[in-house]
Amino acid sequence: MFNAMGAYIRAVEGLNRVVGRFTMYLIFAMLAVLLYSSISKTFFQPSIWTLESAQFLMVAYFLLGGAYSMQLDAHVRMDLIYSRFSLRSRALIDVLTAGFLLFYLVMLLYGGFSSTQYALEYKETSYSSWSPQMAPIKVVMTVGILLMMLQAIANFFRDLGLILGREFP
């Protein structure tokens with residue numbers, strides 16, 4: 001059982017590391033779009049696609065980077081009491097609260113699949129004057145939520161192993 005858990009953790013964390021490190025560079029794409037927007041508004045005809053493109057890039061940045069952030073334990077947390085506990089006690093708290101997180105992520109994933117299916121089926125577009133297709137960003141949203149759910153399960157296995165006296169590399 002521990003071998004399967006360890007293999008799952010390594011696979012998920014390897015995938016999230018690759019996706020997360022790629023996602024870090026989306027901030028530069030967003031900055032380029034916003035810089036172009038500023039220049040075009042100042043010197044040329046304003047573009048109608050820049051603001052929404054920057055918003056889509058920010059959504060991808062946050063959602064695809066979320067699992068990597070979970071892996072690095074870099075999410076914001078109220079550490080007033082939690083940080084005073086031992087490593088094993090923190091793992092126990094994390095195991096007990098993992099059910100709530102997984103329930104939340106499953107509901108988000110269900111909504112993401114439903115929303116993506118709708119966007120693909122009806123060729124949903126944005127209500128802006130540019131009116132881009134919504135399916136690509138909804139696919140990114142769903143993939144990001146799925147990666148966070150897989151990482152939450154990996155974190156659960158890692159914490160469970162710590163409680164049971166088996167640490168995973």
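Taking hydrophobic clusters as Ile, Leu, Val, Met, Phe, Trp and Tyr residues chained together by side-chain heavy-atom distances below 4.5 Å, Leu102 shares a cluster with Leu92. No path of Ile, Leu, Val, Met, Phe, Trp and Tyr side chains, each step under 4.5 Å between heavy atoms, connects Phe56 with Leu120, placing them in separate hydrophobic clusters. In terms of hydrophobic clustering, with Ile, Leu, Val, Met, Phe, Trp and Tyr side chains grouped at heavy-atom distances under 4.5 Å, Leu35 and Ile27 are assigned to different clusters. Hydrophobic clustering of Ile, Leu, Val, Met, Phe, Trp and Tyr side chains at less than 4.5 Å, counting indirect connections, keeps Leu26 apart from Leu72. Residues Leu34 and Ile48 share a single hydrophobic cluster, defined by chaining ILVMFWY side chains whose heavy atoms lie under 4.5 Å apart.
Here the closest heavy-atom approach between residue Ser37 and residue Thr50 is recorded as OG-OG1, 3.1 Å. Closest of all the heavy-atom pairs between Ser53 and Val33 is CB-CG1, 4.1 Å. Minimum heavy-atom separation, Thr23 to Gly65: CG2-N, 3.7 Å. For the pair Met70 and Leu101, the tightest heavy-atom approach, listed with the atom from each and the gap, is CE-CD2, 3.8 Å.
A donor-acceptor pair under 3.5 Å is formed between the side chain of Thr97 and the backbone N or O of Ile93. Between the side chain of Ser126 and the main chain of Pro132, no donor-acceptor pair closer than 3.5 Å is present.
Under the side chain to side chain donor-acceptor pair (under 3.5 Å) criterion, the residue pairs touching residues 83-92 are Ser86-Ser89, with sequence neighbours excluded. Every pair tested for ring pair (Phe, Tyr, Trp, His ring centres under 6.0 Å) that includes a residue from residues 135-155 fails, sequence neighbours excluded, so the list is empty. Residue pairs meeting the ring pair (Phe, Tyr, Trp, His ring centres under 6.0 Å) criterion with at least one partner in residues 17-38, sequence neighbours excluded, are Tyr36-Trp49. Listed by first and then second residue, the ring pair (Phe, Tyr, Trp, His ring centres under 6.0 Å) pairs that reach into residues 82-106 come to none, sequence neighbours excluded. The list of salt bridge (charged side-chain N to carboxylate O under 4.0 Å, His left out) pairs with a residue in residues 112-127, not counting sequence neighbours, reads Glu124-Lys138. Within the structure, ring pair (Phe, Tyr, Trp, His ring centres under 6.0 Å) pairs that include any residue of residues 119-153 comprise Tyr118-Tyr122 (at least two apart or interchain).
Here Gln55 pairs with Leu51, Glu52 under the side-chain contact (heavy atoms from CB on, under 4.5 Å) rule; sequence neighbours left out. Checked against side chain to side chain donor-acceptor pair (under 3.5 Å), Arg17 has no partners two or more places apart in sequence or in another chain. Here Ser40 pairs with nothing under the side chain to side chain donor-acceptor pair (under 3.5 Å) rule; sequence neighbours left out. Applying the side chain to side chain donor-acceptor pair (under 3.5 Å) rule to Thr125 yields the partners Ser131; only residues at least two apart in sequence or on another chain are considered.
Using a 4.5 Å cut-off on side-chain heavy atoms (C-beta onward), Tyr68 and Val19 make no contact. No side-chain heavy atom of Met148 sits under 4.5 Å from any side-chain heavy atom of Leu109. Taking the side chain as every heavy atom from C-beta outward, Val140 and Val59 never approach each other to under 4.5 Å.
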Under 3.5 Å, sequence neighbours excluded: what are the donor-acceptor pairs made by side chains of residues 150-160?
{"from": "Gln151", "atom 1": "OE1", "to": "Asn16", "atom 2": "ND2", "distance (Å)": "2.9"}
{"from": "Gln151", "atom 1": "NE2", "to": "Glu13", "atom 2": "OE2", "distance (Å)": "3.4"}
{"from": "Gln151", "atom 1": "NE2", "to": "Asn155", "atom 2": "OD1", "distance (Å)": "2.9"}
{"from": "Arg158", "atom 1": "NH1", "to": "Phe168", "atom 2": "O", "distance (Å)": "2.8"}
{"from": "Arg158", "atom 1": "NH2", "to": "Glu13", "atom 2": "OE1", "distance (Å)": "2.8"}
{"from": "Arg158", "atom 1": "NH2", "to": "Glu13", "atom 2": "OE2", "distance (Å)": "3.2"}

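Rounding to the nearest 0.5 Å gives a distance of 5.0 Å between CG of Leu162 and CG of Leu87. Note: Ile39 CD1 to Ser47 OG = 11.0 Å, rounded to the nearest 0.5 Å. With rounding to the nearest 0.5 angstrom, the CZ atom of Arg166 is 6.0 Å from the CG atom of Asn3. How far CD1 of Ile137 is from CG of Leu63: 7.5 Å, rounded to the nearest 0.5 Å.
No more than 12 heavy-atom neighbours from other residues, nucleotides or ligands sit within 6.0 angstrom of CD1 on Ile81.
The hydrophobic cluster analysis finds Tyr110 isolated: no Ile, Leu, Val, Met, Phe, Trp or Tyr side chain comes under 4.5 Å of it, directly or through other members.
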